[in-house]
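Right, one structure below, let's go through it.
In what follows, every heavy atom counts, from backbone to side chain, and hydrogens, waters and symmetry copies are set aside. We number each residue from 1, following the sequence as shown.
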Amino acid sequence: MAILTRAVRRLALVLPLALLAPQAIHAQDPAPATPAYLTKEGQTPWIYEGSDVPRDEEWIFGKLPNGVRYAVRKNGVPPDQVSIRVRIDAGSLYEDDSERGFAHLLEHLLFRESQYLGPAMAIPTWQRLGATFGSDTNAETSPTHTVYKLDLPNIDAKKLAESMKILSGMVRAPVLSDANVKAEVPIVLAEKRERGGPQQRAAEKTRETLFAGQQLADRLPIGIDETLNAATGATVSAFYKRWYRPENTVIVAVGDIDPMQLAAEVEKYFGDWKGSGPSRPAPDFGDPKAPKGADPANPVGEVAAIVEPGTQRNFTYAIMRPWRPVQDTIAYNEGLLRDTLAQALINRRLEARARAGGDYLFAQVQQDDVSRSTDATFVAFAPLTGDWKAALADVRAVIADALINPPTQEEIDREVAEFASIFASSVEQRRVMAGAKLADDIVNAVDIRETVAAPETVLTVFESMKKTLTPQQLLDHTRQLFSGSVIRAAYLTPETGEASEAAIRDALKAPIEAASDARIAAQEISFADLPAIGAPGTITQQGALGVLDIERVDFANGVRTILWANDAEPGRVSVKVRFGGGWRSIGPDDAAYATLGQMALVEAGVGELGQEELDRITTGRRMGFDFAIGDGVFTFFGQTRGQDLADQLYLFAAKLAMPRWDANPIVRAQAGARLAYESYAGTPAGVINRDLEYLLRAGDPRYKTPDPEMLAKATPEGFRKMWEPLLKQGPVEVLVFGDFNRDEAIAALTKTFGALPPREPLPAAVLSNKATFPKSGETVVLHHMGEANQAAAAIAWPGGAGVENLRESRQLEILTQLFNNRLLDAMRERAGASYAPVVNNQWPTDVDSGGRITAFAQLRPEDVPAFFQAADKIARDLATTPPATDELQRVTEPLLQYLNRVSTGNLFWLYQLEGSTQEPMRIALLRSLLVDFTETTPEKMQALAQKYFGTAGWRLAVIPEGQKLATRVTATPAEAGR
């Protein structure tokens, strides 16, 4: 097995691949610093106070005299990165009535201007340091906290100090002037507007119902127009001074640097911070309470019948209990594990009933502690039709049985095996846990007032709990999960008159007969008993691929494989199978079957295994089975473990050799696709998702989202007729990358993919199938049924495709990011015309047509012309004037750091090398990948812009029903004032 350091993997991008050999690389750490406020030996770290959960020794904790708490840790995944989180214990639940939205507005304002950053300088400053805006640099506001997130690549002591200084200035000394508030409120309102629509209204009404009488009922972080428009520098400052205080702050820093250095920088830049005025306790969030006169045995309280045309039916009811802080002990965690097992048992029964033809599309039970406001058990399901009463009765009947009878030992053993596999996998992969994930774990633990535990501790607690587990215990925990202070419900439907509050309340109060047939009968299934794929194949070619230690193995039946056995990601193996012709193989009348195939091809079964048998045979295993349709190829993908690899390969190969065609998954997929279609028209983004791909393919019927009429005509027989021949066509390539035994993997491939019958060639008509771009310069106008102040627009230019010009596609990615930065500036500064416009470059590599560059934004209807004008101007400017060097570096530096990070993982190399057995040029082009993505000149960018933006772009506008497309750019109030 190859043992290559993560640094060596990155070197493969810059050194000639043929000369690359494994070698030791030692990072130069800065001299250790000496923080003064670390938790001393023998003392309990602040996060473990009151707990007997064993401490995760890799974390180092400290607490400053001013109350700031911190946690730091050494972690090299990805290499040379530090992840910093600054959590403020203040979210939307901390707002007064006149401050609704201020917690989130503050999040924006801290990025606008602060002690060390001038106006609008945060984004370019972080970009120059290699951090991309929106992923490496971000923030979140929840009901209970605000978290500022920074993932810094290419870290060193100087860069760390500079970044911590900037962060401290943002948190400790933001510039909360009237001018900044006035500039940022429209951007927040744009974000709010883009979230709006039927689904958002339904979510708000559901929240008001489920959390009636509590702060959470009407404290959405986004706020409301009235209070946001009334915000001033003084009123926002008052909220800031009340809650942005040292004692409300936790700082987490994890990364590839001495943790003492991390701790020292926290102490240096946050140690002398002082709060303004006296400290205030967190407000009372309130408890869920039953209305007077409610039946204690079935305390049905507030309910809502929500009618929103253009939405999917959804019923949620919740058993609510008051939330209280807990002592996060081992015994407490054992109880949580029993709760989770009890839910898993019910959810498996609910899913089995849906598969067998229940009255609901899906149903799920989930316990959750919500925003320190309630400990609730939520039951959610999607009725298949307007007969929601039958669906509710169906779901309640399954739950009723679980409340009367203890589970069988076989059911318990099945769920225990699943959990054991998950926890054991976490232990195996401990050393490759990403620093950002570790930092977020601490933040989330602080938010719910609990501790953190090492994967080994979690596994140990689980094994200890498992030894004492009994059916009666699970029955007791199930009953606790479905007992509470009050039961509340909300039903969302697109149809007026389908439900009423009285009918919902009566249905929840009605007695229910337990479903005696809900339990899943025991059934032993073993891979050893399954039929062979065929006679083991013969290897015809085997040798080094020429990249690192990656190997190619070809079989006599034409199957080609690429393998890389390495221990970079312990316990994880990625498997991808490429076959057939992808979208090229789909017939013009088969759009419905293409959509259903992505939903149900795998679920329709493999050989002797239906969906239930597939679930059972993979119990306690780490196996996946995703199916996708690409431009020129179909794919299976799964992540597994070395010990499960042979069986994972069997399932993939069996789907090609002996597919099964069960009807129920296809019928269920039809229902799901029909329900989804009904929701598309409710928002401009939904219309874009429904129609953009079809329109960008010049109306090619293969890409049309199937409507209910098309879906109704589809049958299980027609599904098989279309898909069965496609599974037999075209070459097969298998990629296996990860922690596995190379010889055992080759032996398994010989028995599975090597044993497949010879493949049928792709028909000539498939190979010659070309994608068509719509006529440029025209504007297509569509309408949505949602809010009158919502619109969306897209503009697109034809791009490139194929492997031959792949180097140009990488340079085009730089140009696209330049375009994206300029469009973001243009539309945000237009008084919040759009919150987050996006520009992307799609360059298919498996076919030689179909590429395009697309810019998209959600807007006000009156701003659609401004979007087109801005996009046209940016395209024209890029083609006529070379960009400045600094502007280029703001794109290339984040791209460089992104590549440095992702190239340490197996999936990066898998994605770069997939298809190379058919197109060997992909291997040679790896040598220039880093240069192509990160090195360019202003002149090259200008030349590319002239090539790709030389013609008018194709345009799409989605506006509200009943409105006409605006044709003139109007000035915003801010612009008129200027």
Side-chain angles (χ1 to χ4, degrees), residues 333-353 355 364-367 398 402 405-430 453 455-478 481 518-530 570-573 575 602-603 605-606 608-626 638-652 738-740 748:
N333 282 278
E334 287 180 342
L336 289 182
L337 287 168
R338 295 187 188 100
D339 287 345
T340 307
L341 281 170
Q343 294 168 69
L345 284 162
I346 295 173
N347 285 331
R348 192 179 293 278
R349 294 177 186 176
L350 288 169
E351 173 63 13
R353 199 170 187 86
R355 290 175 180 174
Q364 185 176 44
V365 169
Q366 181 176 340
Q367 183 278 332
V398 173
N405 302 305
T408 66
Q409 190 61 49
E410 191 275 339
E411 285 183 299
I412 295 173
D413 291 343
R414 185 175 181 183
E415 302 307 331
V416 165
E418 288 286 308
F419 279 67
S421 172
I422 293 169
F423 296 142
S425 180
S426 296
V427 172
E428 289 176 332
Q429 297 174 26
R430 175 184 175 120
E456 291 84 354
T457 298
V458 176
L459 181 59
T460 299
V461 171
F462 174 73
E463 292 293 339
S464 174
M465 181 277 301
K466 186 176 70 174
K467 294 175 183 176
T468 63
L469 192 62
T470 66
Q472 185 60 44
Q473 273 186 337
L474 286 182
L475 178 60
D476 293 342
H477 278 260
T478 302
L481 286 168
R519 291 157 188 267
I520 303 171
Q523 184 180 6
E524 291 296 329
I525 308 174
S526 169
F527 276 97
D529 299 329
L530 299 179
R572 183 183 300 166
V573 184
V575 183
V602 173
E603 285 76 5
V606 172
E608 300 177 3
L609 308 176
Q611 194 171 6
E612 171 59 28
E613 290 78 19
L614 281 170
D615 281 354
R616 186 172 293 278
I617 203 170
T618 57
T619 296
R621 320 283 292 277
R622 303 305 298 158
M623 302 173 77
F625 207 149
D626 294 331
Q639 287 201 322
T640 184
R641 302 178 301 177
Q643 56 266 48
D644 297 328
L645 175 58
D647 295 335
Q648 177 77 75
L649 291 170
Y650 177 92
L651 288 181
F652 285 162
D739 185 11
F740 61 91

Do [X] and [Y] have side chains that approach each other closer than 4.5 Å (heavy atoms only, starting at C-beta)?
{"X": "Gln343", "Y": "Leu481", "answer": "yes"}
{"X": "Leu530", "Y": "Leu609", "answer": "yes"}
{"X": "Glu418", "Y": "Phe423", "answer": "no"}
{"X": "Pro471", "Y": "Ile412", "answer": "yes"}
{"X": "Asn405", "Y": "Arg519", "answer": "yes"}
{"X": "Met465", "Y": "Val416", "answer": "no"}
{"X": "Leu645", "Y": "Arg641", "answer": "no"}
{"X": "Arg338", "Y": "Thr468", "answer": "yes"}

Worksheet entry | Glu456 bridged to Arg430 by N-O distance under 4.0 Å |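 Salt bridge: yes.
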Worksheet item: Do the charged groups of Arg349 and Glu411 touch, with an N to O distance under 4.0 Å?
Response: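 Yes.
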[X] [atom1] to [Y] [atom2] distance, which is reported to the nearest 0.5 Å:
{"X": "Gln366", "Y": "Ile346", "atom1": "CD", "atom2": "CD1", "value": "13.0 Å"}
{"X": "Ile617", "Y": "Ser526", "atom1": "CD1", "atom2": "OG", "value": "6.5 Å"}
{"X": "Ile525", "Y": "Glu613", "atom1": "CD1", "atom2": "CD", "value": "5.0 Å"}
{"X": "His477", "Y": "Gln367", "atom1": "NE2", "atom2": "CD", "value": "12.0 Å"}
{"X": "Leu651", "Y": "Met623", "atom1": "CG", "atom2": "CE", "value": "4.5 Å"}
{"X": "Phe740", "Y": "Thr640", "atom1": "CZ", "atom2": "OG1", "value": "11.5 Å"}

Worksheet item: Can Glu612 and Arg348 be said to form a salt bridge (Lys or Arg N to Asp or Glu O under 4.0 Å), step by step?
Response: CA-CA 10 Å; Glu612 171 59 28; Arg348 192 179 293 278; 5.7 Å; no
Strictly by modelled atom types, are [X] and [Y] linked by a side-chain donor-acceptor pair under 3.5 Å?
{"X": "Gln429", "Y": "Ser425", "value": "yes"}
{"X": "Gln472", "Y": "Asp476", "value": "yes"}
{"X": "Asp413", "Y": "Gln409", "value": "yes"}

Fill in: Working for side-chain contact (heavy atoms from CB on, under 4.5 Å), residues Phe625 and Val606
CA-CA 11 Å; Phe625 207 149; Val606 172; 4.0 Å; yes
Worksheet item: Of all heavy-atom pairs between Thr618 and Asp615, which one has the smallest distance, and what is that distance?
Response: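 Nearest heavy atoms, Thr618 then Asp615: OG1-O, 3.2 Å.
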Worksheet item: Looking at Ala402 and Thr478, what are the two nearest heavy atoms and their distance?
Response: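 The answer is O-CG2, 3.7 Å.
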Worksheet item: What orientation do Phe419 and Phe462 show, parallel under 30°, tilted 30 to 60°, or perpendicular over 60°?
Response: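 Phe419 vs Phe462 ring planes: parallel.
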Any sub-3.5 Å donor-acceptor pair from [X]'s side-chain atoms to [Y]'s backbone N or O?
{"X": "Glu463", "Y": "Thr460", "value": "no"}
{"X": "Asp644", "Y": "Arg622", "value": "yes"}
{"X": "Ser421", "Y": "Ala417", "value": "no"}
{"X": "Gln648", "Y": "Gly624", "value": "yes"}
{"X": "Asp739", "Y": "Pro570", "value": "no"}
{"X": "Gln639", "Y": "Val573", "value": "no"}

Discussion item. Exactly one of Leu345, Ile520, Thr408 should register a side-chain contact (heavy atoms from CB on, under 4.5 Å) with Arg414. Which one does?
Written reply: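 Output: one option passes, namely Ile520.
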